[in-house]
There are 2 protein chains.
Amino acid sequence: MDTFTALGEPTRRHILEILAGRNGTAATEIYGNFKATPPAISQHLKVLKAANLVRVEKRGQKRIYFVNPEPMKQLEKWVRRFAAIKEEQFQRLDSVLERMRLEDSNAPMLPFEQTDE
Amino acid sequence: MDTFTALGEPTRRHILEILAGRNGTAATEIYGNFKATPPAISQHLKVLKAANLVRVEKRGQKRIYFVNPEPMKQLEKWVRRFAAIKEEQFQRLDSVLERMRLEDSNAPMLPFEQTDE
DNA sequence: ATAGTATTTCACTATTGACTTAATTAAGCG
DNA sequence: CGCTTAATTAAGTCAATAGTGAAATACTAT
């Protein structure tokens, strides 16, 4: 997933924010939102296109850009795994560490060692 | 939100994957998963910490890292806006273009010309 | 055809950032 | 205390990338 790299740039995120909630935005219109030159923005659009985050439609001499929802859905799925981690987990660990520290000051290792992959 | 920049790097994402679903992982353990040198990983951990994506806990001479769920929740929220964009929107666009084409017979182009790549 | 507008590609510079080795801080142990 | 282990900071290199101006492409209109 190249999505992350594409989103790792503020300008590109801003472009997506502009596109969101609109039914297509011409390149010139996008350019207008930035102080950077059109070529700069065009290159960002190219990256977003390569990451499949946007799609383009030719209409005359204009290129109309749209957000592509699919990769966003996948990203959401990826993120959810982490978002789902509970505070509870930290609480539990905190108390375990506390207990171990009190019980055995020699205890050198981790309380949990779940070698997954 | 500096979250995106932090996630824009594959190694850092991998670190998060390692941390996910575990109740704390010591730095050395993390290092073991990569061919890069400890300093390299340590610097990535620093970035993740700065982005508040992980938190650290000192235990003796070890540093135990945990995923921080809050920024992930926010990210999920951000992404959802885009993921939520419905096909419906495209449908609507279809009809708009259709209308424009009918109104202006000079309009030369196709409504959809999927320039993919 | 010629000019004009929309957008991108080219070629280049400057900056950022990821990695490395070496040195440093800090804790545990004989 | 001196040695080892854990982890980080420092300093420097190299590659990736974002930005710029200029040229190119492509469509529209006169």
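Just so you know, these numbers come straight off a predicted model, no measurement behind them. Chain naming here is simple, since letters A, B, ... match the order of the sequence lines and numbering starts at 1 in each.
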Comparing nearest nucleotides in DNA chain D, the 5'-proximal residue of the pair A:Arg63, A:Thr11 is A:Thr11
Distance check: side-chain N/O of A:Arg12 vs OP1/OP2 of D:dA18, anything under 4.0 Å? yes
Qualifying residue, where the test is side-chain contact (heavy atoms from CB on, under 4.5 Å) with A:Arg63 and the options are A:Lys49, A:Lys58, A:Glu57: A:Lys58
Tell me whether the OP1 or OP2 atom of C:dA22 has a side-chain N or O from B:Thr37 closer than 4.0 Å. no
Quick one: is C:dC19 close enough that its OP1 or OP2 comes under 4.0 Å of any side-chain N or O from B:His44? yes
Salt bridge A:Glu76-B:Arg80, side-chain N to carboxylate O under 4.0 Å: yes
What I want to check is whether an N or O donor and acceptor connect the side chain of A:Gln61 with the base of D:dT28 at under 3.5 Å. no
A:Leu45, nearest nucleotide to its side chain (from C:dT21, C:dA11, C:dT8): C:dT8
Contact nearer the 5' end of DNA chain D, comparing B:Ala27 with A:Lys35: B:Ala27
Reckon A:Tyr31 has a side-chain N or O less than 4.0 Å from the OP1 or OP2 of C:dT5? no
Output the rounded distance in Å from NZ (A:Lys58) to P (D:dC27). 7 Å
Rounded to the nearest Å, what distance is computed from the CD atom of residue A:Glu57 to the C1' atom of nucleotide D:dC27? 16 Å
Could you tell me how far apart A:Glu9 (CD) and D:dT17 (P) are, to the nearest whole angstrom? 11 Å
In plain terms, say whether A:Arg55 and A:Glu70 are close enough for a salt bridge, that is, a side-chain N and a carboxylate O under 4.0 Å apart. no
Of the candidates C:dC19, D:dG19, D:dA6, the side chain of B:Gln43 sits closest to C:dC19
Over all strands shown, is B:Ala40 touching base, sugar-phosphate only, or nothing at heavy-atom distances under 4.0 angstrom? base
Between C1' of D:dA18 and CD1 of A:Ile41, the distance in whole Å: 10 Å
Counting only side-chain heavy atoms from C-beta out, which of C:dT9, D:dT8, D:dT9 sits nearest to A:Ser42? C:dT9
Candidate pair A:Tyr65 and A:Ile30, rule side chain to side chain contact (heavy atoms under 4.5 Å, CB included), full reasoning: CA-CA 9 Å; A:Tyr65 285 86; A:Ile30 299 172; 4.1 Å; yes
Taking OP1 and OP2 of D:dA6, is either one under 4.0 Å from a side-chain nitrogen or oxygen of B:Tyr65? no
Would you say A:Val56 and A:Val47 are hydrophobically clustered, going by side-chain heavy atoms of ILVMFWY under 4.5 Å? no
Between C:dT20 atom P and B:Phe34 atom CZ, what is the distance in whole Å? 12 Å
